[in-house]
There are 2 protein chains.
Amino acid sequence: MKKASRSGDNRGVLMNDVARRANVSPMTVSRALSNPDMVSEKTRAKILEAIEQTGYVPNRLAGSLASNRSNTIGIILPSLKNSLFAETIQAASDVLSKKGYLLLIADSGHLLEEEEKLVEAFLGQRVGGMILHNTLHSERTMAMISNAGIPVVETGDLLAEPMDMSVSYSNFEASKAMTAFLVKKGYKRIGFVAMLTENNNRARLRRDGYLAALDELGIKVDGSLMIEASSSLEAGRDALTRLLQIETKPDAVFFAGDIMAAGAAFECKHRNIKIPEDIAIASFDDLAILQHMTPSITSLQIPRVAIGHEAAEIIISRIEGRETSVVTKDLGFKITQRQST
Amino acid sequence: MKKASRSGDNRGVLMNDVARRANVSPMTVSRALSNPDMVSEKTRAKILEAIEQTGYVPNRLAGSLASNRSNTIGIILPSLKNSLFAETIQAASDVLSKKGYLLLIADSGHLLEEEEKLVEAFLGQRVGGMILHNTLHSERTMAMISNAGIPVVETGDLLAEPMDMSVSYSNFEASKAMTAFLVKKGYKRIGFVAMLTENNNRARLRRDGYLAALDELGIKVDGSLMIEASSSLEAGRDALTRLLQIETKPDAVFFAGDIMAAGAAFECKHRNIKIPEDIAIASFDDLAILQHMTPSITSLQIPRVAIGHEAAEIIISRIEGRETSVVTKDLGFKITQRQST
DNA sequence: AAAGCTTATGATAGCGGTAACATTTTGTCA
DNA sequence: TGACAAAATGTTACCGCTATCATAAGCTTT
């Protein structure tokens, strides 16, 4: 269409154009935008009018470059497929956009090296801070982050020694608590369905919590009651099916991963197995469907929204210079007993 | 901690440092990174080594500013709360990150003025392209976009006259098809639960599709069979309850919004209403749970993944200069008949 | 009304890269 | 082997904005 010559390109309205129109220097325009109080009311009005008239949109790349400040925050999740992170993202996004920050999002597909690449890309983009859901990182990832000196929050699990900051709940404690809850309810053979543990520390911690609870309560662990499954309805159905095939069936199953419990419940209905009479079911997460199902399903409420919220808040605090002594913030969890146990 | 003086600040390793270490000019380093073939193999090796040693991470803000090219794409959704967009986001993200683009994400909360602000913020960030799910925009939004001259894809509905490009399916046709399907199945009084139509063109189009089908098939519309509800399980249950209270009850209900049908199915189970004997249920979306429920629920399959995929592809094509003649791409839909009808 | 402040605005020099053009090195062929 | 094109590298200016310091304008104060 148009010649692509450097000088000829219309790159749009510049701060300079606004300045000329308002009869001030570009610097004053800059101030009017980022430090309104440093500019007299009259001048500000002139400038705003000029902006309006010209349709000027400040170039934040240039701004960030010059000021060495950025208004983007990066978030890396292990996956976007599951809706699970939706609430967290939304919460973070709410807080951030309210304060004028933009959210860069990416998923690592549970791969450490992919996370590494993404961290590098985000740092290249000079994000002001990062939220990482995974708590397991490559050496280089950690080196790059510590080198960058930006605030970073890890949200996947409560960390005693985070790279920088940790905002979460304890997967171990949560899992342990639910297991103990089931034991106290009188269940004797409690099955455990873990998420895939490869590269997923949360999955391991949940499994460890289950084991710790049994151990503490003096119950012998039966390996055949423990299996792994991916996070999906199908996997949940599958897992249930498998557990029903072992010699001495479980009287309760604790699904320590996303939406698997719902899948299992569907499978029970399908097979006409009564919950909780024939088998009790408990879930780690607390998706809306779990409480709407018949019977409703006992589950652990994870502070998804709070995590997004707090992570964003804490990063902003740090970016804006408030010294946050907080390094680790435990947002807790809650067990909601429902009809399934 | 440290003095915050401009010169004193350690802003990290610069291209210059790498250049010196590799005994070349910065420009050669730049080329080695963005146009490897323009640099001799030997030099490239030296440079890569220097980069490795120094841990240099190119500043893309500076790069984008100088080259007037950006590696970020923005996506604005009406909401992140529902998981609904997860698949689309993931699909887009996959394509984009594979090609080295980063995804900026934000939600407008179904508000046109919020969308406007976000578009401005994205343009300020000089995104290379944008994906907008909403198809209704403020005047200024459209002005800004046309002015920016970047590729923009609207994905919420198939548009005859998109601002720039449209990648989607026809909400109207889909809704009409499902309604016709129910009619053909022999249902006489088909209830319709719409999403909230305010600021939501898709909601209106779906309603219009329902009306058009009835009209075409010579069925009189009964206003009492049409209600609006927000997108949630609760709202679905509620809607069903309301429809069961009218004098002449519907024998089928078409839920034209996200997850409402699942809510309705739960409510039926709760009230011991048989599906499809007492009432048939059809859903607009096709979430995994719908096919796992008992009975499984007839629904419309929306090309969520394809939309994200294609939208991203087409934007990249345009950014990279390939002239895409495509303006509107219809990805279609599919009705999956299940036990509920 | 001049001195002494505070407040508002301007001039200048980068931020860290890349485009465009200039120059050097290398390779090729008569 | 000299001439010349192609390939590799360097030089310079500038992308659009902001930090910093300098200057001008407004306000007290006595």
Side-chain angles (χ1 to χ4, degrees), chain A residues 3-20 22-47 50-51 54-71 123-126 128 148, chain B residues 3-20 22-47 50-51 54-71 123-126 128 148:
Chain A
K3 277 276 176 52
S5 91
R6 182 133 188 173
S7 50
D9 248 355
N10 173 22
R11 291 213 197 174
V13 184
L14 306 186
M15 188 174 271
N16 222 326
D17 305 329
V18 174
R20 213 170 314 136
N23 247 306
V24 294
S25 76
M27 196 57 230
T28 303
V29 176
S30 172
R31 278 193 275 252
L33 289 171
S34 49
N35 271 76
D37 328 308
M38 289 186 66
V39 171
S40 80
E41 207 164 324
K42 236 170 52 184
T43 321
R44 206 187 318 150
K46 266 194 308 185
I47 292 174
I51 289 177
T54 53
Y56 170 65
V57 179
N59 185 331
R60 306 207 118 277
L61 297 181
S64 296
L65 179 61
S67 66
N68 199 25
R69 266 182 272 110
S70 140
N71 62 147
L123 292 179
Q125 209 62 228
R126 294 300 187 266
Chain B
K3 274 276 177 53
S5 92
R6 185 134 188 174
S7 49
D9 250 357
N10 172 20
R11 291 211 198 177
V13 184
L14 305 188
M15 186 174 272
N16 222 327
D17 304 330
V18 175
R20 212 171 314 139
N23 248 303
V24 295
S25 77
M27 195 58 230
T28 303
V29 176
S30 172
R31 278 194 276 253
L33 289 170
S34 47
N35 271 77
D37 329 310
M38 291 187 64
V39 171
S40 80
E41 208 165 323
K42 235 171 53 183
T43 321
R44 206 187 318 150
K46 267 194 307 183
I47 291 175
I51 289 177
T54 53
Y56 169 65
V57 178
N59 184 331
R60 306 207 117 276
L61 297 181
S64 296
L65 179 61
S67 66
N68 201 23
R69 266 184 272 107
S70 142
N71 64 146
L123 292 179
Q125 210 62 226
R126 294 301 186 265

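Quick note on labels: first sequence line is chain A, next is B, and so on, each numbered from 1. Not measured: the values here are computed from a predicted model.
Where B:R31 and B:Y56 meet DNA chain C, the nucleotide closest to each residue was compared, and B:Y56 sits on the side nearer the 5' end.
Atom CG of B:N71 is separated from atom C1' of C:dT18 by 14 Å (rounded to the nearest Å). At whole-Å resolution of the value, CG in A:L33 and P in C:dT9 are 14 Å apart. Atom CE of B:M38 is separated from atom C1' of D:dA7 by 9 Å (rounded to the nearest Å). Across the protein-nucleic acid pair, B:L14 atom CG and C:dT18 atom P stand 12 Å apart, rounded to whole Å.
Checked against C:dT18, C:dA8, D:dT18, the side chain of A:A66 finds its nearest nucleotide in D:dT18. Nearest nucleotide to the B:T43 side chain, out of D:dA8, C:dT18, C:dT9: D:dA8. In the set C:dG16, D:dC17, D:dG10, D:dG10 carries the atom at the smallest distance from any side-chain atom of B:V24. Nearest nucleotide to the side chain of A:M27, out of C:dG16, C:dT9, D:dT18: D:dT18. Picking from D:dT11, C:dG17, D:dG16 the nucleotide with the shortest atom distance to the side chain of A:L65 gives D:dG16. Between D:dT9, D:dT18, C:dG17, one nucleotide has an atom nearer to the side chain of A:R69 than all others, and that is D:dT18.
Enclosure of atom CZ in B:R44 by more than 12 non-hydrogen atoms of other residues, nucleotides or ligands within 6.0 angstrom is indicated.
Heavy atoms of A:P58 sit under 4.0 angstrom from primed sugar atoms or phosphate atoms, though from no base atom. Among the protein residues, B:D37 comes within range of the sugar-phosphate backbone only, with heavy atoms under 4.0 Å from sugar or phosphate atoms but none that close to a base.
Proximity of A:S40 to the phosphate of C:dA8: no side-chain N or O atom is located under 4.0 Å from OP1 or OP2. Neither OP1 nor OP2 of C:dT18 sits under 4.0 Å from any side-chain N or O of B:S67.
Side-chain polar atoms of B:N71 and A:Q125 form a donor-acceptor pair below 3.5 angstrom.
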